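Below is one structure, written out as structure tokens, with a few remarks after it.
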Amino acid sequence: MEQRGDILVVDDSLTSRTLLAGILEEQGYRVRLAGDGQEALHITRQAPPELILLDLILPHLDGYKVTRRLRRDPSLPYIPIILITTMGDSESKVRGLEAGADDFVVKPPDEAELLARVGALLRLKRSQDALVVEKNKVDLLYQVSQELSAELDLDTLLTRILELTNQTIGASGGNIVLPGKRGGPPYGISTRQGEEPVPRQIWETVLEEGLAGWVLTYRQGVIVSDTWDDPRWIAIDEIHYRTRSALSVPLIRAGRVIGVMTLTHEEPAHFAEDHLDLANSIASQGAIVVENARLYTETEKERSKLAAILTGTADIVVVTDREGNILLLNPAAEETFDVQEEEVVSQPLREVLPNPALVELFERGAKGTPPHTAEVALNTNCTLYASISSAEGVGYVAVMRDITYLKELEEMKSEFVATVSHDLRSPLSTIHGYADMLARSLNGEEQEYARRIRIGTKQMAELIEDLLDLGRIEAGMEADYQPCQMDVLIEAAIDSARFQTELEGLSLTATISSPLPVLGNPGQLRQVLDNLIGNAIKYTPAGGKIEVRAWSKGDRVCVEVQDTGIGIPREAVPRLFEKFYRVPSAETKELPGTGLGLAIVKAIIDQHRGELWVKSTPRRGSTFGFSLPRHEGTLDEGRGEQP
Ligand code: ADP
């Protein structure tokens with residue numbers, strides 16, 4: 001049997017109409033009838049047939065006119081028209097074709113010929129309809145991608161996707177729900193949302209037990225012809241209950257379902273396979289733009305978080321790219337350096353902030369050479385403690401803290417200490433001398449008292465020596481430098497520490513390259529090594545390891561003492577080299593010390609134009625390192641020189 005179709009037969013003769021209808025109905029076509037041109041136009045506009053068999057000669061409005069009017073009506077789809085004519089002459093055929101008809105049959109028609117022509121035109125009509133559907137689909141998808149790709153606000157975007165799909169598919173409502181990322185809450189939008197957003201629990205239920213959940217699990221679109229018969233449709237409220245048919249499709253991006261779009265209608269069986277097809281196509285376009293908008297929203301959120309941190313912190317933050325051009329100055333940096341971020345962004349740091357210490361710190365950061373910290377003195381008499389680090393994919397970040405008050409305190413301490421220690425030295429040696437004499441004239445228990453007085457005065461004398469040392473070093477006395485070999489000095493320091501490390505149950509290893517010529521005061525350099533190794537021993541519990549490394553890098557000689565000890569909290573690091581500073585912790589309180597060792601180390605290294613650095617992780621251990629300029633001359637050449 002021929003494919004069925006809906007055909008309108010227009011003829012003023014009842015006999016002809018009945019005859020034609022009979023032939024067509026016998027073949028399974030659905031036939032509607034019209035007795036004149038007006039009626040034909042009316043019926044066609046009400047519900048367009050798939051083909052019209054139109055008599056040419058009709059009262060009032062003849063077949064040509066009816067054809068012309070139908071063809072001019074933009075609201076009508078393409079409908080094939082076959083004119084029925086008694087005149088087989090070519091003139092009327094030409095007029096008919098010009099008016100827009102597609103074919104002719106002569107009255108009375110030959111049955112087989114009529115059916116063949118009707119069948120051929122219906123096939124043409126169907127393929128044309130299919131083309132129109134495809135074109136509309138392409139137009140729609142183009143519109144979706146055009147309209148949505150510029151939109152980055154997730155709410156607006158989801159609403160617009162729903163609107164466009166509803167318009168195209170003829171749904172009466174719908175929603176899109178996006179499951180939360182990494183276990184976060186889901187996010188959804190519904191066409192009936194109005195002012196109040198749909199509560200989160202509803203989205204959770206829908207995703208766990210409802211149709212959207214099914215689509216999420218099975219990663220494919222589905223049509224529910226009657227929601228009353230389908231357990232996947234959970235009627236959460238009255239509106240849900242009134243929904244009778246639904247269509248749901250996944251939004252898939254990079255193989256992952258990022259959301260589910262559901263369309264609804266109040267009538268059962270509203271959605272057909274081609275709706276599903278179209279919804280799937282829109283969903284795949286939608287997935288791209290939704291993912292973009294989501295990424296944008298997340299990036300924006302991270303950006304504002306970071307901006308809030310950078311604005312809120314009292315630390316000064318300066319960020320450059322890999323080429324040393326400014327990327328960011330936080331408000332504290334703008335205020336300290338008296339520049340506006342937007343005016344200097346993308347300009348070279350060395351031009352914008354021409355502070356030698358800061359520029360050098362960034363250069364060291366770029367080369368990866370220690371130390372990664374520096375004191376940056378500003379023209380305003382302020383001193384900053386700066387540390388540099390490399391930020392993957394960004395460049396270099398310097399974080400600075402104002403330590404002016406600490407520097408001032410340090411100076412006051414120096415003056416005070418120099419005066420007091422000098423004045424204490426002579427009374428102390430008097431006490432020591434008399435205690436010595438006293439001991440000789442006493443016996444037993446009294447002699448022990450005198451011994452303790454001598455130990456006490458000895459410790460005080462050592463402390464005073466340290467202080468005076470420090471004073472001398474800071475004042476630049478004893479700066480008559482000579483060439484010496486750092487490797488030899490280290491070996492000697494290790495030798496004398498060996499006994500102590502064994503006593504404390506520590507392992508002490510060394511990796512030292514040779515020669516390591518430097519210019520300096522060997523006594524002071526030895527003092528540096530003794531202090532650093534001494535601290536490593538003191539602050540590393542039994543069983544730990546100490547490693548001393550020394551190597552030559554470019555024109556520098558570098559030394560590091562690494563331990564696996566108690567480590568130093570981050571906030572204490574900037575203060576380590578202050579006089580009398582000791583990390584306030586239960587562990588350090590138990591251990592003897594004056595807090596002068598590292599101050600002496602710093603003073604000596606500064607005098608030798610060296611660099612000093614610390615890396616430490618609490619409970620993991622610390623590494624103290626320094627570098628000095630390598631002395632290239634022969635050992636005798638440098639005698640008496642300044643480094
Ligand atoms: P001290 O006489 O207290 O050892 P230093 O000036 O040598 O004085 O050191 C100052 C402080 O730095 C110490 O009190 C200690 O808290 C900390 N410190 C120094 N070296 C180390 C280290 N290797 N491991 C852990 N903490 C250390």
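Quick caveat: nothing in here was measured; it's all calculated off a predicted structure.
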- Task: Please check if the side chain of D563 supplies one atom and the backbone of S622 the other of a donor-acceptor pair under 3.5 Å.
- Result: yes

- Which pair of non-hydrogen atoms, one from E341 and one from E334, has the smallest distance, and what is that distance? N-OE2, 2.7 Å

- Item | Derivation of the salt bridge (charged side-chain N to carboxylate O under 4.0 Å, His left out) call for K305 and E302 | CA-CA 5 Å; K305 238 197 273 177; E302 287 305 314; 3.3 Å; yes

- Message: Less than 4.0 angstrom from a charged side-chain N to a carboxylate O is my criterion; do K407 and E411 meet it?
- Response: no

- What closest approach, in Å, do A550 and I490 show between heavy atoms, and which atom pair accounts for it? CB-CD1, 3.5 Å

- Message: Regarding R570 and S387, do their side chains bring together a donor and an acceptor under 3.5 Å, going by distance alone?
- Response: no

- Test side-chain contact (heavy atoms from CB on, under 4.5 Å), reference L489, set L525, L516, V528, V559, output is L525

- Note on the structure: Taken in chain and number order and not counting sequence neighbours, the residues that satisfy ring pair (Phe, Tyr, Trp, His ring centres under 6.0 Å) with Y218 are W214

- Note on the structure: Of all heavy-atom pairs linking K553 and G368, the shortest is NZ-O, 4.5 Å

- Message: What I want to find out is whether R303 reaches E300 closely enough, with some N-O distance under 4.0 Å, to be called a salt bridge.
- Response: yes

- Task: Specify the closest pair of heavy atoms between V289 and L157, including all atoms of both residues, with the distance to one decimal.
- Result: O-CD2, 3.4 Å

- State whether the side chain of T564 and the backbone N or O of K545 hold a donor-acceptor pair below 3.5 Å, judged by distance alone. yes

Under 3.5 Å, sequence neighbours excluded: what are the donor-acceptor pairs made by side chains of residues 343-353?
from	atom 1	to	atom 2	distance (Å)
Q347	NE2	E343	O	2.9
R350	NH2	E363	OE2	2.4

- Of all the heavy-atom pairs spanning A332 and D315, show the shortest one and how long it is. CB-O, 3.5 Å

- For the residue pair P629 and R609, what are the closest heavy atoms and their distance? CD-O, 3.8 Å

- Query: Looking only at side chains, do W551 and E560 share a donor and an acceptor under 3.5 Å apart?
  - Reply: no

- Query: Do N521 and Q607 have side-chain N/O donor and acceptor atoms under 3.5 Å apart?
  - Reply: no

- Between E448 and R452, is the closest basic N to carboxylate O distance under 4.0 Å? yes

